[in-house]
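Take a look at the structure below.
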Amino acid sequence: MLISLGGTIAMTPNAGGGVAPALSADELLAAVPGPADLDVVVQTTDFRRLPGASLGFDDLVAVMTLIREQLAADIDGAVVVQGTDTIEETSYLLDLYHDGPQPVVVTGAMRNPTLAGPDGPANLLAAVQTAASPAARNLGCLVVLADEIHAARHVRKTHSTAGSTFQSPNGGPFGYLVEGQPRFVNRTTHRTTVPAPAAGRHPRIALLTVSLGDDGVLLDGIAGRVDGAVIGGFGVGHVPRQLVPALSDLADKIPVILASRTGAGSVLTSTYGFPGSERDLLSRGLISAGFLDPLKARILLRSLLAADADRKTISAAFAIAGDYADPEDWPWAESLNAKTEGVARA
Ligand code: ASP
């Protein structure tokens, strides 16, 4: 199945100037020189025509519900087409909610259809080839662009315009499209799925990136107004010393996750010992994001709170999703292990 949400891949000139989402899923497919030669039947759904920036959690939960219904019928894989601006977040959300074996592949384009050499058709073809491949089963949600296959948990948008913008700084891509075939050179160590959101749960999670000379005005602004917070700290998980009392107070009241703003590597646990260091903050109740970057950490925290997870469950989940603890101890391990049977563990 192919679900279109909009994005640059679907944009055409707009009366007011610039380009905006307009093309349907069928029109996107018609621009691809290839699926007719594939032994694949593509069923299209026009779901949204939005820029990636305007997608919200409700849109994605609705997409996941649709995918679940269809995968329970006779669909072998799903492709979600959307704006690249939010793919690193939406794909991880889909990954957390998708517990079936079928591939769910997210793609988009960096060059809109009015430009010379738009990348949308090639990306869409590669995404369909991946979603249709038995080799892509049991890998959760994948992101496919520029003939690279990335794990949703690791992928980041790293450049504002380059076609090769999607990178997985922690570990590299899962694989590549070669002569139209997905070839995997890495495998997942684990899949981490969470229960669907409890009815009416819309937790609000702040993401706050600290910066030089930060005086805490933003931190003060979120106190009492959010259900959880992610701090994008300096380097291995540091903040200016003047933020420590407020952060400590906040962590007494709501889950506060400590991630690194650097974009690669993990938060440390036991190296630095000054006010505002990772040791100091973790001892005050902040929870390490491990290798998860701040954007992924926010998606995970939101999903955990939407599933009514308590503080202990949240800590356990972050230790595993952040690659600091044994995947066997994932809080919802039963369903996970059943669904990933046969997956090679690296
Ligand atoms: N601004 C666009 C969007 O996310 C960028 C893209 O699709 O590449 O909708």
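Note that ligands are numbered from 1 as they come in the structure, with each ligand's atoms numbered from 1 the same way. Bear in mind the structure is a predicted one, so any value in this text is a computation, not a measurement.
Close approach of ligand 1 to D85 (heavy-atom distance below 4.0 Å) involves ligand atoms 1 (N), 2 (C), 3 (C), 4 (O), 5 (C). Here is the list of ligand 1 atoms found below 4.0 Å of a heavy atom in P51: 9 (O). Close approach of ligand 1 to G7 (heavy-atom distance below 4.0 Å) involves ligand atoms 7 (O), 9 (O). Close approach of ligand 1 to T8 (heavy-atom distance below 4.0 Å) involves ligand atoms 2 (C), 5 (C), 6 (C), 7 (O), 8 (O), 9 (O). For ligand 1, the atoms lying closer than 4.0 Å to a non-hydrogen atom of M11 are 9 (O). Against a heavy-atom cut-off of under 4.0 Å, G52 is close to the following atoms of ligand 1: 3 (C), 4 (O), 9 (O).
A cation-pi arrangement is absent between R153 and Y92, since the terminal nitrogen or guanidinium carbon is not both under 6.0 Å from the aromatic centre and inside a 45° cone about the axis.
Although no hydrogens or angles enter the test, the distance criterion places no donor-acceptor pair under 3.5 Å between the side chain of N123 and the main chain of L145. At distances below 3.5 Å, not a single donor-acceptor pair connects side-chain atoms of D293 with backbone N or O atoms of G263. With hydrogens and angles disregarded, a donor-acceptor distance shorter than 3.5 Å links the side chain of K296 to the backbone of E88.
The backbone of A109, and not its side chain, has at least one atom closer than 4.0 Å to an atom of ligand 1 (non-hydrogen atoms only; backbone = N, CA, C, O).
Side-chain rings of H238 and Y272 approach one another, their centers coming within less than 6.0 Å.
Shortest contact from atom 8 (O) of ligand 1 to any protein heavy atom: T84 OG1, 2.4 Å.
Summarising the local packing, CZ of R241 is surrounded by 12 or fewer heavy atoms from other residues, nucleotides or ligands at distances under 6.0 Å.
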